[in-house]
Asker: 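The following block contains the structure, expressed as structure tokens.
Because the structure is predicted, anything quoted here is derived from the model rather than measured. Just so we're on the same page: letters track the sequence lines, and every chain starts at 1.
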Protein chains: 2
Amino acid sequence: MKEISIKKGDILQRKGDLNSKIYNVKTGLLRSYTIDEQGKEHIYMFAPEDWIMSDNTLDNEPCDLFIDALEDSELEMRNKDFTDADVNTDKILRRMGVLQKRVIMLMSSSAIERYDHFVERYPQIVQRVPQKMIASYLGITPEALSRVKKERFRK
Amino acid sequence: MKEISIKKGDILQRKGDLNSKIYNVKTGLLRSYTIDEQGKEHIYMFAPEDWIMSDNTLDNEPCDLFIDALEDSELEMRNKDFTDADVNTDKILRRMGVLQKRVIMLMSSSAIERYDHFVERYPQIVQRVPQKMIASYLGITPEALSRVKKERFRK
DNA sequence: TAGGATTCTTAACCTATGTCAATGCGCACA
DNA sequence: TGTGCGCATTGACATAGGTTAAGAATCCTA
């Protein structure tokens, strides 16, 4: 285990890397994202204080995700061994719960429903990142998010 | 831990239940799915031999998923305590890897790309379930899957 | 082996969201 | 105190996938 401090914009991991670590966020805000063949960015997860951030690419293949800092951050970095007591089962379970909800919402909810759910669940993050990143997390374009927010207002 | 045998069609868990268990599939095939407000079914996961099946709804809330058997199956059923040696970290990591890939593909790939990926990754499952269930897993309608398969063929 | 149920395909039409381009705003910095 | 840059908004248009309905194929099961 190693404690590290990083600045806003610093990159911790790049898509294709092999030495994937697990980060425990003490202060600040991390983001993981991928870039597809068309060069488009898709945010996979935000990790504010008290969350863990890691890439879980299967089979020790080159990882899929970039990880960078959206704010100056202090982190604990360790190798991915799950038995480590500090990466406790509560955080793993919470992570799986978030992913389950996310998959279900991507499959069954409209853009505006996903947005409302996000704002309700993560009001702090909404304050801390530009709206285009929230759109990216929700799986839509910034233009679409702008539009659906406006449309809802008309009702 | 308890060993149970169930028949095709048997339901192990319903949306809204509280006593969520974790199942280790020894033989057979399970499926988890949700039903949205419009009554539409969305498959969350398949679990063939050697996979685990569980609901990871957050905060001990009523669960989101139905779980049923697509084939006669033999299972090990246990409570959700992660420290149990038999629900090992390999399976947890594999599960998180699958979810990560799933989220990324839902956000960045077209229907036909998701289908091709599924067929490549799970050829056995393709043989064992109707195509409309694969469509449901991919987040599209059976009609759309039928169409995109045909369209690809035209090229 | 027939008959009903389920699944798959196809077609016409619809809608949510993407794409592209233009504009304006707000903020950091010279 | 301007000015440049990233971000948000808006509009016109494009498109992937949804909806509905019908028919064809397949499969259970009596």
Side-chain angles (χ1 to χ4, degrees), chain A residues 7-9 29 31 33-43 46 68-72 103-119 125-155, chain B residues 7-9 29 31 33-43 46 68-72 103-119 125-155:
Chain A
K7 306 284 282 178
K8 175 173 177 169
L29 180 60
R31 146 185 95 143
Y33 61 100
T34 188
I35 297 184
D36 67 25
E37 315 78 46
Q38 295 133 78
K40 284 176 205 149
E41 207 176 283
H42 305 273
I43 294 184
F46 297 106
D68 66 8
L70 299 181
E71 301 173 358
D72 295 353
V103 169
I104 291 173
M105 296 213 71
L106 282 171
M107 292 200 298
S108 64
S109 300
S110 67
I112 190 64
E113 288 167 338
R114 301 203 297 277
Y115 176 73
D116 287 341
H117 177 260
F118 185 87
V119 171
I125 294 184
V126 175
Q127 310 306 325
R128 290 158 73 179
V129 308
Q131 184 166 296
K132 66 171 202 165
M133 287 194 187
I134 296 173
S136 173
Y137 180 91
L138 298 175
I140 58 177
T141 59
E143 293 92 334
L145 180 51
S146 204
R147 192 167 31 188
V148 294
K149 282 172 70 173
K150 185 182 167 200
E151 273 162 21
R152 181 191 37 199
F153 198 63
R154 290 210 339 261
K155 297 175 189 173
Chain B
K7 305 284 283 181
K8 175 174 178 169
L29 180 59
R31 145 186 95 142
Y33 61 101
T34 189
I35 297 183
D36 67 25
E37 315 79 47
Q38 294 133 78
K40 284 175 204 150
E41 206 175 284
H42 305 274
I43 294 182
F46 297 105
D68 66 8
L70 298 180
E71 301 173 357
D72 295 351
V103 169
I104 291 172
M105 296 214 71
L106 283 170
M107 292 200 300
S108 65
S109 300
S110 67
I112 191 63
E113 288 167 339
R114 301 203 297 277
Y115 176 72
D116 288 340
H117 177 261
F118 186 88
V119 171
I125 294 183
V126 175
Q127 310 305 326
R128 289 158 74 179
V129 308
Q131 183 167 298
K132 66 171 202 163
M133 288 195 186
I134 296 173
S136 173
Y137 179 91
L138 298 175
I140 58 175
T141 59
E143 294 90 339
L145 179 52
S146 206
R147 188 170 33 193
V148 295
K149 282 171 70 173
K150 185 182 167 202
E151 271 162 22
R152 180 192 36 202
F153 197 64
R154 290 211 338 263
K155 296 171 190 174

Asker: Can you tell me how far the CG atom of B:L106 sits from the CE atom of A:M105, to the nearest 0.5 Å?
Answerer: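 Spacing of CG (B:L106) from CE (A:M105) equals 13.0 Å.
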Asker: Rounded to whole angstroms, how far apart are CD on A:E151 and P on C:dT15?
Answerer: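 The distance from CD of A:E151 to P of C:dT15 comes to 13 Å, rounded to the nearest Å.
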Asker: Among residues at least two apart in sequence or on other chains, which ones pass salt bridge (Lys or Arg N to Asp or Glu O under 4.0 Å) with A:D72?
Answerer: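 A:D72: salt bridge (Lys or Arg N to Asp or Glu O under 4.0 Å) contacts with A:K7.
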Asker: Using a 4.5 Å cut-off on heavy atoms from C-beta on, say whether the side chain of B:I104 contacts that of A:H42.
Answerer: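 No, side chains not in contact.
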Asker: Which residues pass the side-chain hydrogen bond (donor to acceptor under 3.5 Å, both in side chains) test with A:S109, not counting sequence neighbours?
Answerer: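 Once residues adjacent in sequence are excluded, A:S109 has no partner under the side-chain hydrogen bond (donor to acceptor under 3.5 Å, both in side chains) criterion.
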Asker: Measure the shortest side-chain to side-chain distance between A:L70 and A:R128 over non-hydrogen atoms and say whether it is less than 4.5 angstrom.
Answerer: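 Sidechains of A:R128 and A:L70: no contact.
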Asker: Over how many whole Å does the gap from B:K149 atom NZ to C:dT10 atom C1' extend?
Answerer: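 Atom NZ in B:K149 sits about 14 Å away from atom C1' in C:dT10.
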Asker: Table please: side-chain donor-acceptor pairs of residues 130-137 of chain B below 3.5 Å, with sequence neighbours left out.
Answerer:
from	atom 1	to	atom 2	distance (Å)
B:Q131	OE1	B:K149	NZ	2.8
B:S136	OG	B:E41	O	3.4
B:S136	OG	B:I43	N	2.9

Asker: Do you know the tightest heavy-atom contact between B:V148 and B:I112?
Answerer: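 Nearest pair, atom of B:V148 first, then B:I112: O-CD1, 3.8 Å.
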Asker: Under a 4.0 Å heavy-atom cut-off, which of residues 125-137 of chain A touch DNA chain D?
Answerer: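 Nucleic-acid contacts, sorted: A:P130, A:Q131, A:K132.
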Asker: May I have the distance from A:Y115 (atom OH) to C:dA16 (atom C1'), rounded to whole angstrom?
Answerer: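 Going from OH in A:Y115 over to C1' in C:dA16 covers 18 Å.
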Asker: Tell me, for nucleotides 11-30 of chain D in 5' to 3' order, what letter each nucleotide earns: B for a base near a protein heavy atom under 4.0 Å, S for only sugar-phosphate near one, - for neither?
Answerer: SB----BBBB----------
Asker: At 10 degrees resolution, what angle do the end axes of the helix from C:dT1-D:dA30 to C:dA30-D:dT1 form when each is taken over five base pairs?
Answerer: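 End-to-end axis angle: 50°.
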Asker: Do the non-hydrogen side-chain atoms of B:D116 and B:R152 ever get within less than 4.5 Å of each other?
Answerer: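 The answer is yes, as the side chains (C-beta and beyond) meet within the 4.5 Å cut-off.
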Asker: Nearest 0.5 Å, what's the CZ-CD1 distance between B:R31 and B:I125?
Answerer: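 Going from the CZ atom of B:R31 to the CD1 atom of B:I125 covers 13.0 Å.
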Asker: Once you round to the nearest 0.5 Å, how far does NE2 of A:H117 lie from CZ of A:R114?
Answerer: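 Reported to 0.5 Å precision, the distance equals 11.5 Å.
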Asker: Figure out the CD/P separation between A:E41 and C:dG18, and round it to whole Å.
Answerer: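 Interatomic distance, CD of A:E41 to P of C:dG18: 15 Å.
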